[in-house]
Q: 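Following this message is one structure expressed as structure tokens.
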Amino acid sequence: MNTRTAARPKKAALAAEPGSAATPGRKGADAQAIGGVWCVGLLAFDAAGMPVVTSGTLRLAARRAASCLLEPAAGDSVACLRIAPDEVWVMAVLQREEGTANVVSCPGNLRIAAEGGALDLAAARVGVRSEALSIDAHQLSVTTDTAELVGRQLSMVGTGIRLVGSVLSTVMDRVQHFSRHYLRTTDGIDRVAATHVECEAKQLLRLEGEHTLVNGRELIKARGAQIHFG
């Protein structure tokens with residue numbers, strides 16, 4: 001009987017030891033989240049360019065939250081979250097004056113991803129300004145009524161290049177062409193006008209036509225080891 005009585009206090013002592021399963025439960029119940037107070041005010045900037053929010057009789061120095069992608073401007077009505085007396089975050093722009101430009105910006109790198117979906121941009125005008133622009137796509141299609149491409153140096157590289165149109169006009173100071181084979185077919189007139197024309201062939205030069213006219217205003221000269229007519 002005495003042995004049983006002594007064992008019971010030992011079990012109770014083991015259950016009350018720190019680190020038991022009941023201890024984390026009690027700590028989780030007592031934990032509390034950091035609180036905050038929401039407020040609405042007008043945004044301005046001080047002499048140093050830092051945002052200041054006026055809400056009622058309070059004038060609070062604020063910082064822009066990372067989730068507020070719309071860049072706040074002076075005179076905006078903003079929603080703020082006050083976590084501490086000296087820690088106020090501008091969470092969103094509620095309203096702004098007409099005529100103020102809307103700028104979406106964020107510090108650092110930005111990536112817009114539509115995983116498994118499509119991304120569409122619709123605007124009356126879209127402008128892109130960048131030091132470098134890179135487009136990597138399996139297929140690229142551009143459709144427009146009028147296109148203009150201006151650059152100091154342009155380079156086009158492709159296995160196959162095809163141009164189809166009704167009129168092709170080029171203006172160059174100098175044109176240089178090299179190819180292993182060059183074939184040209186013209187149904188109408190093929191005319192060359194130049195101050196000096198030279199045609200040179202390493203092996204064979206052939207001119208053929210139903211009617212062939214050679215006109216030299218002052219001189220026609222033919223020279224060769226053998227000359228055959230007829």
Side-chain angles (χ1 to χ4, degrees), residues 4-143:
R4 294 180 181 178
T5 306
R8 289 178 183 177
K10 185 176 181 180
K11 292 181 180 179
L14 292 175
E17 289 181 358
S20 62
T23 302
R26 290 198 301 269
K27 289 183 178 181
D30 297 339
Q32 295 182 359
I34 298 176
V37 178
W38 287 91
C39 63
V40 177
L42 292 179
L43 181 70
F45 293 92
D46 58 11
M50 300 301 295
V52 177
V53 177
T54 302
S55 179
T57 58
L58 296 178
R59 184 176 174 85
L60 307 172
R63 289 181 291 175
R64 176 183 168 192
S67 61
C68 185
L69 297 181
L70 181 61
E71 185 175 342
D76 290 348
S77 297
V78 294
C80 302
L81 180 62
R82 188 180 185 186
I83 301 177
D86 56 348
E87 186 176 357
V88 179
W89 295 92
V90 177
M91 304 299 296
V93 176
L94 303 179
Q95 187 179 9
R96 66 176 23 174
E97 298 179 355
E98 185 178 357
T100 304
N102 297 320
V103 179
V104 178
S105 66
C106 68
N109 299 327
L110 174 64
R111 179 175 179 265
I112 300 176
E115 301 295 342
L119 177 62
D120 295 334
L121 298 178
R125 179 182 177 276
V126 178
V128 178
R129 293 181 178 87
S130 175
E131 292 293 334
L133 177 63
S134 176
I135 299 176
D136 186 3
H138 179 70
Q139 183 178 357
L140 177 63
S141 177
V142 179
T143 304

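Position 1 is the first residue of the sequence, and the numbers go up from there.
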Q: Do you know which two heavy atoms are closest between L43 and P51, and how far apart they sit?
A: CD1-CB, 3.6 Å
Q: For V53 versus A62, what's the shortest heavy-atom pair and its separation?
A: CG2-CB, 3.8 Å
Q: What pair of heavy atoms forms the shortest contact from C68 to P72, and how long is it?
A: SG-CG, 4.4 Å
Q: Checking S55 side chain against V40 main chain: does a donor-acceptor pair fall under 3.5 Å?
A: yes
Q: Tell me the closest heavy-atom pair linking C39 and L60, and the distance in Å.
A: SG-CD1, 4.5 Å
Q: Mind running side-chain contact (heavy atoms from CB on, under 4.5 Å) on S77 and V93 for me, showing each step along the way?
A: CA-CA 6 Å; S77 297; V93 176; over 6 Å; no
Q: Closest heavy-atom contact between V90 and C80?
A: CG2-SG, 4.1 Å
Q: For R82, what residues pass the side chain to side chain donor-acceptor pair (under 3.5 Å) criterion, not counting sequence neighbours?
A: none
Q: Can you pull out every side chain to side chain donor-acceptor pair (under 3.5 Å) where at least one residue sits in residues 131-143? Sequence neighbours excluded, please.
A: none
Q: Of all residues at least two apart in sequence or in a different chain, which pass the side chain to side chain contact (heavy atoms under 4.5 Å, CB included) check with A48?
A: D46, M50
Q: Could you note down all residue pairs passing salt bridge (charged side-chain N to carboxylate O under 4.0 Å, His left out) where residues 109-129 supplies at least one of them, sequence neighbours left out?
A: R111-E115
Q: If you take all heavy atoms of I83 and I34, which pair is closest and at what distance?
A: CG2-CG2, 3.9 Å
Q: Could you give all pairs that pass the side chain to side chain donor-acceptor pair (under 3.5 Å) test and reach residues 60-72, with sequence neighbours left out?
A: R64-S105, E71-S105
Q: Could you name each residue pair satisfying salt bridge (charged side-chain N to carboxylate O under 4.0 Å, His left out) that touches residues 85-107, not counting sequence neighbours?
A: D76-R96
